[in-house]
Amino acid sequence: MPKSHSSKRAGKNDRKPSISALVRDIKKQLLSDLQSDPPISTAQLKTKYLGKQGMVTRAMKEIGAVAPEKRSEAGKELNTLKLWAEGQMSRVSETEKMRLDSGIASDDGFDVTAPFPPNTTGSERPGLEPKVGTLHPLTTVGEKAIRIFESMGFHLVEARRLDDDYNSFEALNIPKGHPARDLWDTFWTEDRLIPIPHTSAMQNRILSSVKPPIREIIVGKCFRNEATDASHEHTFYQLEGVYVDKNVTLTDLIGTLSHFMNAFYGRDIKYKIQPSYFPFVEPGLEFLIECLVCGQRGCPFCHYSKWVEVIPCGPIHPNVLRESGLNPDEYSGFAWGLGFDRLVILRNQISDIRLLHSGDLKFLEQFR
Ligand code: DAH
């Protein structure tokens, strides 16, 4: 093999790295040592860099080999490196001292605050991994529902947490003593206010303050005096919709809700309407969709009926319009009350509604 011409010609000194390159390498090495895990003690760092045989000390001895005209520049570079290295060491030793003084670390490296066993490294130190949380499924589902209705032109309002008898019942065509009050077994505060039993409690406020055309959605946390079981919970989230204009018909209601369902599940969802009863709508209706848990084969969730009631709704009762100052001969409208809990349960096939408000991390971690 022919000998390389260049190696023949190269002088001994030409192969030595320049002072600048040396300084750069030492800096790089020291920076990586400063971040080493487990940490290197200041004493060790001092020996490695500033001791008699230390990297900085040895680099300073190289100055003699530098060409005389470049010596002063190289000298400055080396001095700056030394000062910088010393500064880094004293910073590290201060931190070490603070940790020793405060008793959170001992000089054998044991740190009582470390959330991992001593002498473990890298990924074995689970405590160092940030625990990333996620949004609650009720939040994700609620936000998604809100975005869909907003895209259809509805405006979002937040419900009150506490309201009075008038708004919760009377203005909704449920006078005192009306048997339908039993549908909303309610908590009362000592001064006769009610943690809202349904978001319909906001209807009168909306209808009497917004000029038609009215397209509002109201989201709120509702409370009922329930004996809880797998399908009943005393606390739940609801989204109320209110639509009022001239010549509003039942097909507008059905179109709105079926469009929502299709957008929510991302495909055409089978639905049907059946009669129900709520004093503030006439007729009272129930909007049902195909059971998504069993794919309409029949299961305990749909009580083997293949359909699931998801949205109680109906055309707003003339008495409710009148009570809000709207003339029922001129205006008509519809309203609905959608439970977020139901949507989550249907989407995720959850067997017990109480899990949603339990704060149980084992349950919630499944929604990552
Ligand atoms: N407020 C009713 C409840 O929580 C649900 C409801 C039914 C709301 C019919 C409506 C409606 O707006 O039209 O039980």
Side-chain angles (χ1 to χ4, degrees), residues 142 145-146 149 154-157 159-161 163-174 178-187 194-208 210 214-226 231-245 248-258 260 271 273-289 308-321 323-324 326 328 331-343 345 353:
I146 291 168
F149 283 119
F154 284 88
H155 169 249
L156 175 67
V157 178
R160 297 189 168 206
R161 276 288 162 90
D163 217 322
D164 54 17
D165 184 273
Y166 175 76
N167 281 287
S168 302
F169 299 117
E170 280 192 44
L172 289 166
N173 201 28
I174 320 173
H178 193 294
R181 283 201 179 207
D182 290 350
L183 293 173
W184 294 273
D185 199 357
T186 311
F187 295 111
I194 309 165
I196 58 163
H198 54 179
T199 42
S200 306
M202 288 292 286
Q203 276 201 20
N204 180 269
R205 285 202 177 80
I206 300 281
L207 296 176
S208 57
V210 182
I214 301 173
R215 292 182 195 90
E216 303 284 326
I217 49 171
I218 307 129
V219 172
K221 193 171 191 177
C222 306
F223 305 85
R224 300 243 179 112
N225 188 8
E226 288 275 0
S231 50
H232 293 89
E233 180 56 296
H234 49 67
T235 304
F236 56 96
Y237 286 92
Q238 237 181 11
L239 182 151
E240 185 89 7
V242 189
Y243 187 110
V244 175
D245 203 348
V248 178
T249 65
L250 198 56
T251 38
D252 295 315
L253 165 61
I254 297 169
T256 304
L257 297 185
S258 66
F260 166 77
Y271 66 87
I273 309 282
Q274 75 186 22
S276 184
Y277 173 70
F278 301 97
F280 32 92
V281 279
E282 184 56 38
L285 300 170
E286 199 68 62
F287 185 92
L288 298 90
I289 62 166
V308 188
E309 295 173 1
V310 271
I311 317 185
C313 54
I316 300 179
H317 197 291
N319 287 353
V320 174
L321 290 173
E323 185 67 23
S324 319
L326 291 166
Y331 292 108
S332 50
F334 57 84
W336 73 87
L338 167 71
F340 288 165
D341 305 61
R342 206 108 231 261
L343 285 186
I345 287 199
I353 197 168

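This is a predicted model, so every value here is computed, not measured. Just the heavy atoms: all of them, side chains too, but no hydrogens, waters or symmetry mates, feed the values below. Order of appearance sets the numbers: ligands from 1, and atoms from 1 within every ligand.
Taking the ring centroids of F260 and W336, they lie at or beyond the 6.0 Å cut-off. F280 and H198 have their aromatic ring centers within a separation under 6.0 angstrom.
Less than 4.0 angstrom separates some heavy atom of E240 from each of these atoms of ligand 1: 8 (C), 10 (C), 12 (O). Close approach to G314 involves these atoms of ligand 1, each under 4.0 Å from a residue heavy atom: 13 (O). Near V281, with a cut-off below 4.0 Å to any heavy atom, the atoms of ligand 1 are 13 (O). With ligand atoms numbered from 1 in the order given, ligand 1 contributes 3 (C), 4 (O) to contacts under 4.0 Å with heavy atoms of Q238. Within ligand 1, counting atoms from 1 as listed, the ones closer than 4.0 Å to a heavy atom of W184 are 3 (C), 4 (O), 14 (O). Short contacts between ligand 1 and F278, defined as distances under 4.0 Å to a heavy atom of the residue, involve ligand atoms 7 (C), 9 (C). Listed by number with element, the atoms of ligand 1 under 4.0 Å from a non-hydrogen atom of C313 are 9 (C), 11 (C), 13 (O).
In this structure, OH in Y271 is found 12.5 Å from CD1 in I289, a value given to the nearest 0.5 Å. For the atom pair CG (L338) and CD (E240), the distance works out to 10.0 Å, reported to the nearest 0.5 Å. Atom CD1 of I316 is separated from atom CG of N173 by 12.0 Å, given to the nearest 0.5 angstrom.
At distances below 3.5 Å, at least one donor-acceptor pair connects side-chain atoms of D252 with backbone N or O atoms of T249. Remark: side-chain polar atoms of R181 are paired, donor with acceptor, to backbone N or O of I174 under 3.5 angstrom. Of the possible donor and acceptor atoms, one in the side chain of T186 sits under 3.5 Å from a partner among the backbone N and O of W184.
The shortest separation from a heavy atom of E282 to ligand 1 is not under 4.0 Å, leaving the residue out of contact. Distances shorter than 4.0 angstrom occur between a heavy atom of F280 and an atom of ligand 1.
Distances from atom 14 (O) of ligand 1 to the heavy atoms of H198, R224, Q203 put R224 nearest.
The single protein non-hydrogen atom nearest to atom 7 (C) of ligand 1 is P312 CB, 3.4 Å, given as residue, atom name and distance.
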